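The structure appears right after this line, and notes come after that.
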Amino acid sequence: MKGRVFNFAAGPSMLADEVLDELYEEFYNYQNTGMAVMEMSHRGKDYLKIFEEAKQRLYRVMEIPQEYEVFFMHGGATGQFAAVALNLLKGDKADYILTGNFSKKAAMEAMKYGQVHIAYDGKDNGYRHIPKQEELSFDEDSKYVHLCSNNTIFGTQWKTYPDVKGKILVGDLSSDILSRKIDVSRFGLIYAGAQKNIGIAGISVVIIRKDLIETPMAITPDILSYELMAKHDSMLNTPPTYPIYVLGKVLKWIEESGGLEAIESRNREKAKILYDYLDTQSFYKPHAEKDSRSLMNVTFTTPNEDLDKKFVSEAAERGLVSLKGHRLVGGLRASIYNAMPKEAVKKLVEFMDGFAKENAL
Ligand SMILES: *Cc1c(COP(=O)(O)O)cnc(C)c1O
């Protein structure tokens, strides 16, 4: 497509060309229904087919066991920070592992609805590090352990999930869901905003073990109640119809690309190209510790802020855009989610190498 760039933004982020092509094709007149998907009634049979297919594809692609329910909800991942606490915590205590900004926000939100025990806080190391098992201390009375699988801002990611000693594991997978194969049965609940890796803004996916669906705190807004979501199959009110349709398209693309194994190996290759380069030079400084590095968000800095700025603008001139790091870390960040092609990562490394040579101090 003429004029398109490689968008390294942390989210909303790129969609695969194949997905955009299908959305474009079906835009005005979806499969001869005479309407666009976003004009359809969410109760009509054409839309219900789209909805059901997206849900079934998610079960298939992630190999979600039948003891789990899937909800499509409003309010982004941030809405789930509250929903998790309102539905599961309910005035009791939970463990929160703080590995970055979003896990901290999740903990702050939970504090409104119960007690939070901090099982680990990476603040003192600048959130460069994912804790080892022995660095975690769980509270005896906690009902669940909450973690953030991939720390979008700091560029760290859990390689394997910790042993939570029989407690319920709750995971925010907003920025790495569907980027690799995971064992869903390790979790009591997984949630993710779609706009990073699996679709567009406006929808969050919740995967919950059915036995954990119970009556939430009395003050819970209906729209955040898992009990009502289950009862109404995510259609308590009008669901985010178009984002659910886009999610279905992204899942179809993943299946056609060879499923999660193929996606994961591509993601590993892409990240390796960048990290291998970062490890063989001294101009850029990677932010995350080596064994905590994310396959999704690669964070690094140049020798100073002026050069960071120059990097961002010169990269953009070459069609490599949105490389500015989050204000909490500064520097640069390359988000290389599922839809980012390998050729773009190679192009980025070529640019980085040229920039380093030209600007060596
Ligand atoms: C982006 C992000 C969020 C916030 O998502 P919203 O959908 O904007 O609420 C939460 N957690 C993680 C890990 C994220 O990357």
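Remember, it's 1-based here, ligands and their atoms both numbered in the order they're listed. For this chain, numbers begin at 1 and follow the sequence in order. Every value quoted in this text rests on a predicted model; they were computed, and no experiment measured them.
No option in Asn237, Leu224, Ile203, Leu236 other than Asn237 meets the side-chain contact (heavy atoms from CB on, under 4.5 Å) test with His74. Applying the side-chain contact (heavy atoms from CB on, under 4.5 Å) test between Ile153 and each of Asn297, Val329, Thr299 identifies Val329 as the sole match.
Proximity of the aromatic rings of Phe51 and Phe72 is defined here by a centroid distance below 6.0 angstrom, and this criterion is met. In this structure, the ring of Tyr191 has its center no less than 6.0 angstrom from the ring center of Phe71. Note: Tyr68 and Tyr59 fail the aromatic proximity criterion, with ring centroids not under 6.0 Å apart. Aromatic ring centroids of His42 and Tyr47 lie 6.0 Å or more apart.
Using a 4.0 Å heavy-atom cutoff, Gly11 is absent from the residues neighbouring ligand 1. The closest approach between a heavy atom of Gln195 and any atom of ligand 1 is below 4.0 Å. Heavy atoms of Asn150 come nearer than 4.0 angstrom to ligand 1 in at least one pair.
Residue contacts with ligand 1, taken as heavy atom pairs separated by less than 4.0 Å, involve Ala77 via backbone and side-chain atoms alike. Both the backbone and the side chain of Thr78 come within 4.0 Å of ligand 1, judged by heavy-atom distances. Neither the backbone nor the side chain of Lys105 has any atom closer than 4.0 Å to an atom of ligand 1 (non-hydrogen atoms only). Contact annotation: for Tyr191 versus ligand 1, there are no heavy atoms closer than 4.0 Å.
Remark: ligand 1 atoms within the under-4.0 Å shell around heavy atoms of Phe81 are 10 (C). Distances below 4.0 Å separate heavy atoms of Thr152 from the following atoms of ligand 1: 13 (C), 14 (C), 15 (O). The Lys196 neighbourhood of ligand 1 comprises atoms 1 (C), 2 (C), 3 (C), 14 (C), 15 (O), with distances under 4.0 Å to a heavy atom of that residue. Close approach of ligand 1 to Cys148 is summarised as follows: ligand atoms under 4.0 Å from at least one heavy atom of the residue are 13 (C). Near Ser175, meaning under 4.0 Å from any of its heavy atoms, are these atoms of ligand 1: 15 (O).
Summarising the geometry of Ala54 relative to Leu251, their closest heavy-atom pair is O-CD1, 3.5 Å, with the distance given to 0.1 Å.
Residue-environment remark: NZ (Lys285) stays at or below the threshold of 12 foreign heavy atoms within 6.0 Å.
Ring pair Phe154/Tyr127 is tilted by interplanar angle, where 30° to 60° counts as tilted.
Cation-pi geometry between Lys347 and Phe8 is not satisfied (NZ or CZ under 6.0 Å from the ring centre, within 45° of the ring normal).
Scanning all protein heavy atoms for the shortest distance to atom 11 (N) of ligand 1 gives Asp172 OD2, 2.6 Å. The protein non-hydrogen atom at the shortest distance from atom 4 (C) of ligand 1 is Phe102 CE2, 3.5 Å.
Residue Gly79 places no N or O, backbone or side chain, under 3.5 Å from any N or O of ligand 1.
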